[in-house]
Amino acid sequence: MKKNISKSITGNFLLDILYKRNLINDEQLDRIIKIQKNSGNELQKVIIDLGILKKDEMMLALADEIGVKYVNLNEINIDPTIVVLIPEEMSRRHQLIAIDKERDRLLVAMANPLDVFAHDELKIRLGYDIDSVLAFGEDINRALDEVYGITEEWDQVIGKLENMQVTVLKEDEKEISDIAEVSKSEEAPVIALVNLIILRAVKEKASDIHIELFGEESLRVRYRIDGILIDVMTLPKNLHLAVISRIKIMSDLDIAERRLPQDGRIQVKVGGRNINIRVSTIPTVNGESVVLRILDPASILLDLDSLGLSKDILPKFVSLISKPNGIILVTGPTGSGKSTTLYTALNLLNSSEKKIMTIEDPVEYRLKGISQIQAKPKIGLTFAAGLRSFLRQDPDIMLVGEIRDKETAEIAVQAALTGHLVLSTLHTNDAPGSVIRLIDMGIEPFLISSSVIGIIAQRLVRRICPQCKKVLEVTPEIQEIMNDYEIRSSEITLYQGEGCSNCKHTGYKGRIALFELMIITDTIRELITKNVNNKKLKEVALEEGMCTLKEDGIKKVCAGITTISEVLRVVTS
């Protein structure tokens, strides 16, 4: 029986084992066979669905009989870079998945470890020595779906997507005929494929889609989920040009230009709601690379609770944005949640009694009751030009997407000094560094001290997955970090995520911001006027009550929201 390697391992062979080990009786055996015959489902699934045996109980008995180890794929972290060592077609055909690699040996979880043909094909095609373990078939299928991003209903989804689930708004469809490289017979599948990539990204709550070609490899699609890039799909290399061209058409870019970077925008409708997508293409030695930034209004909650401000920072933040005039800066790298913080502030300030104007590039989310302007540098509508025009519109509050140059900074200072509240962003590592950045731009220190009233630095860290959250033992290394903040391990309980299907086995689900708020007090104002260095400014800010990014992160660790390793990943000091 063991030598019959097709699907015998889940057929009579499985029933023989379970019956011999007294795990099923005669009545259950007859019932299983009858239901399996009528439903056509695999015996393993029938046995589990009937509640006769639990999955692990059944698989352990099977593994013991055939002399291999059983691995529950739901309980291990699967590295996508190892999974893709085996071509997707082969993995699905033989129902197997690569789960570990050590030098020239590949560990493969198989639904049928007795399949000698699969072993031989893997060894010949990949050049690795193969070690196999037993895994539940449906768990293998699920893991492959998570890595490659293609469900069992691929054909049905492709057929429906083109006209139903993703609708491109304001697209010039006649330009499709301009793709000389894509034949008419290929157009519909390519359209459906790009729609599927976007649809899955929105469903997975991804912030970015990366479509890249590396050397002679296949076309790789990755999603940035909770700040981390994850491989979700590999496509044939020959689809590269067609996929890139389709995205360029949707974003109104020049499909013939492949030598220079291009930027564009797409507006799509997914599930009845409009979603904006920023598109960036750039030529590489392997071919064009495309990144799509997804701006989903439904994914952001403009309230203070969702921001994650700690109880000692929250009242300071509310007090700061309630000031009638001055400049408030939000700093941090791209993708650190600056826009969400600014929009939340505007949402709190928004009322019929105040006129609020913004100039952004792009306008990521539309806010009712606020005049929002899209910057268009090509026609001269820059941040500086828009801000200058705002002053003639009698606004109370102004938001400028980013202070990038001296001209914009000077107008922002002028607006603040003439009674307006100005909100903007800068790219600096911490709050005190923003003052030095403005001075480097050429703004006089006395003007900065007179206009800037507060600076917020922020980073995003991943939240511990609530479904697989477990207590973490405090190691000496962790305790050493806690000692810097006079926190004893006996006083707190730390947690980490084990990894589950809910969090794609990462241990994290969702993100929360860390904040560093520096209020410009009289003491700090005097130091700015004296043009002191960043180190001195930070020392005094700490004495004045500033909570650093790392300290705020430690507080969230102690609250069981995130982990030490996650805080240290995004904050250095």
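For the pair Arg92/Leu144, a side-chain contact is recorded, criterion being any heavy-atom separation below 4.5 Å from C-beta on. Within the 4.5 Å cutoff, the side chain of Arg569 has heavy atoms near those of the Arg462 side chain. Proximity of Ile228 to Thr506: side-chain heavy atoms (C-beta onward) are nowhere separated by under 4.5 Å. Using a 4.5 Å heavy-atom threshold, the side chains of Lys123 and Asp129 count as touching. Asn72 places none of its side-chain heavy atoms less than 4.5 Å from the side chain of Met59. Counting heavy atoms from C-beta outward, Arg142 and Phe136 have side chains that stay 4.5 Å or more apart. Using a 4.5 Å cut-off on side-chain heavy atoms (C-beta onward), Ile209 and Ile294 make contact. Contact check for Glu212 versus Arg222: side-chain heavy atoms found under the 4.5 Å cut-off.
Shortest non-hydrogen contact noted between Gly332 and His427 is O-ND1, 3.2 Å. Listed here is the closest heavy atom pair of Ser289 and Thr284: CB-CG2, 4.0 Å. The two residues Ala513 and Asp552 make their nearest non-hydrogen contact at O-OD2, 4.2 Å. Contact detail for Tyr223 and Ala201: the closest heavy-atom pair is OH-N, 3.4 Å. Between Ala409 and Ile403 the shortest heavy-atom distance is CB-CG2, 3.7 Å. Contact between Ala431 and Ala457 at its shortest, heavy atoms only, is N-CB, 3.6 Å.
Expressed to the nearest 0.5 Å, how far CG of Leu292 lies from CD1 of Ile198 amounts to 6.0 Å. Interatomic distance, CG of Asp139 versus CG of Asn74, reported as 4.5 Å (0.5 Å rounding). In this structure, Leu438 CG and Leu329 CG are separated by 6.0 Å, a value rounded to the nearest 0.5 Å. Put simply, CG on Leu367 and CD on Gln372 are 4.5 Å apart, with the number rounded to the nearest 0.5 Å. Between Arg459 atom CZ and Leu514 atom CG the span is 9.0 Å, to the nearest 0.5 Å. Put simply, OG on Ser245 and CZ on Arg258 are 6.0 Å apart, with the number rounded to the nearest 0.5 Å.
Side-chain N/O atoms of Thr408 and Asp405 include a donor and acceptor closer than 3.5 Å.
Judged purely by atom type and a 3.5 angstrom limit, Lys338 uses its side chain to pair as donor or acceptor with the backbone of Pro333. In this structure a side-chain-to-backbone donor-acceptor pair under 3.5 Å is missing from Asp208 to Val291. Put simply, the side chain of Lys248 gets close to the backbone of Glu257: a donor and an acceptor are under 3.5 Å apart. A side-chain donor-acceptor contact under 3.5 Å links Gln458 to the backbone of Gly337. The backbone N or O of Gly510 sits less than 3.5 Å from a side-chain atom of Asp226, completing a donor-acceptor pair. The backbone N or O of Asn112 lies less than 3.5 Å from no partner atom in the side chain of His94, so there is not a single donor-acceptor pair. A donor-acceptor pair is defined here as one N or O able to donate and one able to accept, closer than 3.5 Å; no such pair exists between the side chain of Glu498 and the backbone of Glu75. Checked by atom type and distance alone, the side chain of Thr425 pairs as donor or acceptor with a backbone atom of Gly401 at under 3.5 Å. In this structure a side-chain-to-backbone donor-acceptor pair under 3.5 Å is missing from His210 to Ile230.
By the 6.0 Å contact criterion, NZ on Lys55 is enclosed, its count of non-hydrogen atoms from other residues, nucleotides or ligands being greater than 12. Surrounding NZ of Lys469 are more than 12 heavy atoms belonging to other residues, nucleotides or ligands, all under 6.0 Å away. Around atom CD of Glu102, no more than 12 heavy atoms belonging to other residues, nucleotides or ligands sit under 6.0 Å away.
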Stepwise side chain to side chain contact (heavy atoms under 4.5 Å, CB included) check, Tyr128 with Leu85 = CA-CA 10 Å; Tyr128 290 103; Leu85 292 174; 4.2 Å; yes

Quick one: do Val243 and Val194 satisfy side chain to side chain contact (heavy atoms under 4.5 Å, CB included)? Show the steps, please.
-> CA-CA 7 Å; Val243 170; Val194 173; 4.2 Å; yes

Passes side chain to side chain contact (heavy atoms under 4.5 Å, CB included), Leu122 versus Leu106? Steps please.
-> CA-CA 10 Å; Leu122 287 170; Leu106 194 64; 5.8 Å; no

Check against side chain to side chain contact (heavy atoms under 4.5 Å, CB included), Val400 and Ser424 | CA-CA 5 Å; Val400 56; Ser424 190; 3.1 Å; yes

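Among Val461, Ile554, Val570, the one residue that satisfies the side chain to side chain contact (heavy atoms under 4.5 Å, CB included) test with Thr562 is Val461.
A salt bridge is absent between Lys556 and Glu566: the closest approach of a Lys/Arg side-chain nitrogen to an acidic carboxylate oxygen does not fall below 4.0 angstrom.
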